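Input: a single structure, listed below in structure tokens.
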Amino acid sequence: MSSSSKTKKRSPTAMNKWGRKIQCSDGYTFDSEKEHDFYHRFVKHSGYEFEIHPHFKLAPLTEINGGKITSIVYTPDFIVKDQHGNWLHVIDVKNSFGQYGIDQVNKLRFRLFAAKYGHPVEAVVIRAHDFKVITQG
């Protein structure tokens with residue numbers, strides 16, 4: 001039996017995102033169909049200002065004894081703002097609230113983000129007619 005026939009089909013986890021990128025007619029590119037769906041159902045026509053995939057540096061590039069430790073960045077899926085530009089929601093769309101949706105790396109990034117920027121991350125799981133939210137960080 002060849003090694004290729006022995007390989008198992010792996011399912012996606014939080015660490016190996018296999019979502020297909022979705023190009024929206026609005027010009028945005030989403031990391032998954034769930035993000036795209038959330039945008040169209042709950043963000044686009046909400047009446048609020050929003051940002052899609054803004055980048056935040058949580059820790060800088062560090063050099064120690066001639067070696068480099070990479071910087072830590074976080075890119076939430078959406079930030080929803082009020083009319084004055086104040087953040088109302090920092091949203092990260094997930095498949096589930098379990099370990100395959102929010103792993104330890106996600107939890108650490110959410111905590112670092114909340115500590116640095118003073119705003120918790122809302123992990124969102126989309127359902128048929130609404131969505132569920134848990135606050136992280």
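Only this structure's heavy atoms are used, side chains among them; waters, hydrogens and symmetry mates stay out. Note that the coordinates shown come from a computational prediction; the quantities given were computed from them, not determined experimentally. Residue numbers count from 1 along this sequence.
Residues that satisfy the ring pair (Phe, Tyr, Trp, His ring centres under 6.0 Å) test with F56, not counting sequence neighbours, are W87, F113, Y117. Every residue meeting the side-chain contact (heavy atoms from CB on, under 4.5 Å) condition with E49, not counting sequence neighbours, appears here in chain and number order: K81. By the side-chain hydrogen bond (donor to acceptor under 3.5 Å, both in side chains) test, S46 is found to be paired with no residue, residues two or more places apart in sequence or in another chain being considered.
Nearest heavy atom pair, residue I79 against residue P54, reads CD1-CG, 3.7 Å. The minimum heavy-atom distance linking L61 with I69 is given by the pair CD1-O, 3.3 Å.
Contact of the V105 side chain with the R109 side chain is registered, since non-hydrogen atoms from C-beta on lie closer than 4.5 Å. The side-chain heavy atoms of I52 and Y39, taken from C-beta on, include a pair separated by under 4.5 Å. Between V125 and N95 the shortest side-chain heavy-atom distance does not fall below 4.5 Å. Contact annotation: the side chain of D92 approaches that of Y74 to within less than 4.5 Å [non-hydrogen atoms, C-beta and beyond]. Residues I91 and V80 have side chains in contact (heavy-atom distance under 4.5 Å, counting atoms from C-beta outward). In this structure, the side chains of C24 and H36 come closer than 4.5 Å at one or more pairs of heavy atoms.
The six-membered or imidazole ring of F38 lies near that of F78, with a centre-to-centre distance under 6.0 Å.
For residues 35-47, the pairs satisfying salt bridge (Lys or Arg N to Asp or Glu O under 4.0 Å) are D26-K44, D37-R41, with sequence neighbours left out. Applying the side-chain hydrogen bond (donor to acceptor under 3.5 Å, both in side chains) test to residues at least two apart or on different chains, none of the pairs has a partner in residues 56-70. Residue pairs that meet the side-chain hydrogen bond (donor to acceptor under 3.5 Å, both in side chains) test with at least one member in residues 122-132, sequence neighbours left out, are H89-E122, R127-D130.
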Practice problem: Could you walk me through whether T135 and V121 pass side chain to side chain contact (heavy atoms under 4.5 Å, CB included), step by step? | Solution: CA-CA 6 Å; T135 303; V121 175; over 6 Å; no

Practice problem: Evaluate the side chain to side chain contact (heavy atoms under 4.5 Å, CB included) criterion for residues I126 and V93: first the C-alpha distance (whole Å), next the side-chain angles of each, then the deciding distance (0.1 Å), finally the verdict. | Solution: CA-CA 8 Å; I126 300 174; V93 177; 4.3 Å; yes

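Side-chain contact annotation: T75 with H53, donor-acceptor N/O pair under 3.5 Å absent.
A 6.0 Å sphere centred on CD of E33 holds no more than 12 heavy atoms belonging to other residues, nucleotides or ligands.
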